[in-house]
Every structure is written in structure tokens, then in C-alpha cells.
Amino acid sequence: QLQLVESGGGLVQPGGSLRLSCEAHGFTLENYVIGWFRQAPGKEREGVSCISSRGITTKYADSVKGRFAISRDNAKNAVYLEMNNLKPDDTALYYCAAEWNPSPAVCEEVSSDQYKLWGQGTPVAVSS
């Protein structure tokens, strides 16, 4: 069974940091583009960041540029999202998603509708 499992979410004060992990089970992430998405209550899902299969290309939503960093460790079959200087507007359920694409630099070209494998999400709450 192919699965993505997110972890690392939690409650943090404004200005704090969290590191989300996305682990693959039942397959290897090596040839997959990985995206992080989030959905806040009452809002549509939005793309946060993506990373190409070899980690050559990364992209970020304007709202998180300079604060979030995506990385991957294909040897550990995992992708990470380091989130710093968190704001209340970052409160959401965070999902990782995978789409098979071995092109080493392809990232933002993969639209959210193309991702076929999704995790269950990990909640992030930023509040004082």
C-alpha cells in the first residue's frame, strides 16, 4: 500500500518554528515531485511549496517565501518543510503530496490537480 505520512505539526506561538516531515511508505520518493499544501478552516487548499525529484528546483508561495524551506532526503525516503517565524495566518492542516516525475528540475509545472498521492495531513496552529 502506497502511503504518505505527515508528522511534526502542533501548536506554536507566533514567531516560533516547526519542522514537518513527509515519509513515504510502500514506495520510494526518488522519482517523485513532492508538494506541500495547506488548508485553513473555511478556505480553499493552497500550494505552499514544491521540490523536484532530485531537489534541484524548489518553489514557494509568496506568503511563505523567506520563512519556509523545503528539503528532501531520498536516502531516508522523506521530505521536510522547515517553517520559521510562524504567523497566525499559517494555521492550517498541512498535506504533502507526490506525483511521479523523474525530471530532475520539474516542480511548479506540476499542478495540484496532478498530484495523485496525498497524505492525511498534520495540523499546525499558531496562536499566543
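For clarity, every value in this text was computed on a predicted model and none was experimentally measured. Basis for what follows: all heavy atoms, side chains included, without hydrogens, waters or symmetry-related copies.
Rounding to the nearest 0.5 Å gives a distance of 12.0 Å between OH of Y32 and CG of N74. Here the straight-line distance linking atom NE2 of H25 with atom CG of L2 works out to 11.5 Å at 0.5 Å rounding. A distance of 8.5 Å separates CD in E30 from CZ in R72, rounded to the nearest 0.5 Å.
Residues satisfying the side-chain hydrogen bond (donor to acceptor under 3.5 Å, both in side chains) criterion with D89, sequence neighbours excluded, are absent altogether. Partners of K65 under the side-chain hydrogen bond (donor to acceptor under 3.5 Å, both in side chains) rule, at least two apart in sequence or in another chain, are D62. Checked against side-chain hydrogen bond (donor to acceptor under 3.5 Å, both in side chains), N84 has the following partners two or more places apart in sequence or in another chain: S17. Residues passing the salt bridge (charged side-chain N to carboxylate O under 4.0 Å, His left out) test with E99, sequence neighbours excluded: K116.
Among residues at least two apart or in separate chains, side chain to side chain donor-acceptor pair (under 3.5 Å) pairs with a member in residues 41-50 are R38-E46. Residue pairs meeting the side chain to side chain donor-acceptor pair (under 3.5 Å) criterion with at least one member in residues 117-128, sequence neighbours excluded, do not occur.
Within the 4.5 Å cutoff, the side chain of F68 has heavy atoms near those of the L86 side chain. Side-chain atoms of I51 and W36, non-hydrogen and from C-beta on, never get closer than 4.5 Å to each other. In this structure, Y94 and E6 have side chains that are not in contact, with every pair of non-hydrogen atoms separated by 4.5 Å or more.
Cluster annotation: Y95 and V124 are assigned to distinct hydrophobic clusters (Ile/Leu/Val/Met/Phe/Trp/Tyr, side-chain heavy-atom contacts under 4.5 Å, transitive). In the hydrophobic clustering of this structure, L4 groups with I70; members are Ile, Leu, Val, Met, Phe, Trp, Tyr whose side-chain heavy atoms approach within less than 4.5 Å, directly or through other members. V110 and L117 end up in different hydrophobic clusters when Ile, Leu, Val, Met, Phe, Trp and Tyr side chains are linked at under 4.5 Å. Under the 4.5 Å side-chain heavy-atom criterion for grouping Ile, Leu, Val, Met, Phe, Trp and Tyr, I34 is connected to L18 within one hydrophobic cluster. Cluster membership for Y115 and V79, using ILVMFWY side-chain heavy atoms within less than 4.5 angstrom, is not shared.
Between F37 and A97, the closest heavy-atom pair is CE1-CB, 4.0 Å. Closest of all the heavy-atom pairs between S52 and A105 is CB-C, 3.7 Å. The heavy-atom pair separating E23 from A78 by the smallest distance is CG-CB, 4.2 Å. Across all their heavy atoms, S53 and P102 have their closest contact at OG-O, 3.2 Å. The two residues C107 and T57 have their closest heavy-atom pair at CB-CG2, 3.8 Å.
Remark: the S103 side chain and the N101 side chain contain an N/O donor-acceptor pair separated by less than 3.5 Å.
The backbone N or O of W100 lies less than 3.5 Å from no partner atom in the side chain of N31, so there is not a single donor-acceptor pair.
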M83 and D90: side-chain contact (heavy atoms from CB on, under 4.5 Å), yes or no, with the steps? CA-CA 9 Å; M83 306 188 298; D90 295 318; over 6 Å; no

